[in-house]
Amino acid sequence: MGPGPRRSSPGEPSPDLSESEIAVHWGEEAYVAPPAEFVRQANLGDPTAAQRFAPDRFPECFREYADLLRWRTPFASVLDASRPPFYRWYVGGTLNAAENCVDRHLAERGDQAAIVFVPEPESEPTVSVSYAELGRRVGELAAVLRDDLGLRTGDRVTIHLPMVPELPVTMLACARLGLVHSVVFAGFSGDAAGHRSADCGSRLFVTMDGYWRAGRPVDHLANLAPALAAAEQGGHPPERVLVWRRYADRRMSEVPLVEGRDLDARASVARHAGHSVPAVAQPSDAPLFLMYTSGTTGRPKGCQHATGGYLAYVAGTARAVLDLHPGDVYWCLADIGWITGHSYIVYGPLALGATTVVYEGVPAHPDPGRPWRVAERLGVRVFQTSPTAIRQLRRLGPERPRQHDLRFRLLATVGEPIEPEAWRWYHGEVGRGTAVVVDTWWQTETGGILCSTWPAIHPMKPGSCGPGAPGIRPVVLDEEGHEIAPGTGRAGNLCLRAPWPGLMQTIWGDPDRLVRQYFRKYNRDPESRDWRDWPYFAGDAALIAADGYVRILGRVDDVINVAGHRLGTKEIESACLAVPEVAEAAAVPVADELKGKVPDVYVALRPGVTVPPDEVGRRVARAIETAIGKIARPRRVHVVPDMPKTRSGKILRRVLAGLSNGREPGDVTTLANPEVVEQIREQIAGERPER
Ligand code: WTA
């Protein structure tokens, strides 16, 4: 075992340094080598890999990923970078994503399970969907979409479905026709789903009657009315609603279907039994899907991913970094409603002909042995989940993995930094010390993994995700855009110098926002046609060690990463302002042992409000749940006399974050109302014993 972690907190920033430039000191963890047995069988094992993906091979190195796919028309060139930061990959090529994930496997692996559905209730049997069966279901649903609903290539479809096989089936049916899907995490409220639906002008909204979560049935159809109301308010209500049912013979919601608007999916598909429609070949840069994510402004933005570049990149990285082989039983314990699930539950594994597990429920239900029972029974060889899930499973059942016959070859983590203690449990107990662990860093915007050790080539180092994935060159830049050399111990903004095929194409309906948010910061010449002048700004603070391994420190913008789920502080704040008594609101991240971060909310009330503070707090919490969903529920709502403000009236969230985290708020002399800091501090101290 390596030396214990010696983490120290960055301390108070000095005024002339940005938060991301603070020097961070920690003990370097010892390397852990991948076992020889793993190396022998690895997809990316041969020593020439580094040369193949060397900087001078850019962009041709990414031909290797595209070659994993079936192209209807071969592409003429790998990259058109003539209009940075808008790139076109595999130019001239056409393909269909569903054909790549389903049809082309039929001859060789039609009987193999494509999807294994594990319902949350253990009394319900696991359902195995073979590639042949998946092809049939996707074809029938595509016939419904095309012939009953009249949807055409390029139309948008919002999908608000839980973790059931109908979710990937619906995504693939859209892809088969070239419809652009936009999946909204089922845990998001109807409101949130409706706003996203309106933003991209979806013609169809897909939902389900109910599902199981943490031992309870969820009436999901109850979200439909608020979703449609929000979409109406947004000016683009969907024309039709397609409603799946969780069970053939009973209903999980009492909400009735509305004739003329709602279509029963099971019945419609049954009417098309045996039908299919041809997969429509799409230009490589036709949009495949949108995924909405939170950023620095209030409105979530629709990251638009392209068919060819995205699919090649997720297939390539699933093969290289997750080491997926055709036929592997693979389980990514995450939700398809987030980018991780799109790339590494659905598109990546299915493009490679693996078997992908879709688990309906929460990880530790009914007990923390659940994932290990499932993995043992199904013979899962490659497993992936979030550090939050790992921390929870470890806390609730540290000895559970040892009670099962687990044979993981590779274990992946994604979504948040994983601390060395949790890493070592994952590697030692879950992986028995013989599985390779990859800590993968990436984002909704990046489509696929950007930083990770190459599992058979680089030794692992707990607490660091590793160097760039094949063909990817991470750099850390200071505020002026100078590169901070690896090994200096200084942190800065994590950036990518060159584009890659998984990078989103644009923000739906707002290409300027792509430029503003991700490229303007370090672009000196907006007219430049050279991609070298357009580094991608990821919005994460990081530091690169002398060995080139990246350590992620966290977001530098207004995003709170709750259990690996991205929430915008501005979205939370605007939800608070929906409560009439609230005049001002500020949401700040608080460190949480299990979830990484959780939001704390501060609100100041309008003058003359007579509602008791506790009641306002409850209303605010409810408003957040309605606008976003339960995942955004604040740890606490503090009703304060006033917000700490600069003389120009800006709320100083950093001061509030300091107070919430029990840190010194730092220099408050620049505040217009420094006395309020002391008042809030006393108020928080008074609140604490309640918890
Ligand atoms: C964080 C999830 C540390 C990071 C795929 C990033 C991580 C945000 C890691 C993206 C990791 C993701 N270590 N932090 N291995 N992976 N993050 O868009 O802050 O939901 O910017 O994509 O999660 O979250 P998103």
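First listed ligand is number 1; within each ligand, the first listed atom is number 1. Atom set for the values below is all heavy atoms of this structure, side chains included, hydrogens, waters and symmetry mates excluded.
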Item to complete: May I ask you to check whether His160 and His220 place their ring centers less than 6.0 Å from one another?
Response: yes
Worksheet entry | Contact residues of ligand 1, where a non-hydrogen atom lies under 4.0 Å away | Ile339, Thr340, Val414, Gly415, Glu416, Pro417, Asp439, Thr440, Trp441, Trp442, Gln443, Thr444, Asp540, Ile552, Arg555, Asn561, Arg566
Worksheet item: Between Glu429 and Arg394, is there a salt bridge with N-O shorter than 4.0 Å?
Response: no
Discussion item. Below 30° counts as parallel, above 60° as perpendicular, anything between as tilted: where do the rings of Tyr536 and Phe519 land?
Written reply: perpendicular
Response to the item:
With sequence neighbours left out, the residues meeting side chain to side chain contact (heavy atoms under 4.5 Å, CB included) with Ile457 are Leu44, Ala49, Trp454
Worksheet item: For Phe188, is the NZ or CZ atom of Arg196 found under 6.0 angstrom from the centre of its six-membered ring and inside 45 degrees of the ring axis?
Response: yes
Worksheet item: With distance as the sole test, does Arg653 use its side chain to make a donor-acceptor pair with the main-chain N or O of Asp558 at under 3.5 Å?
Response: no
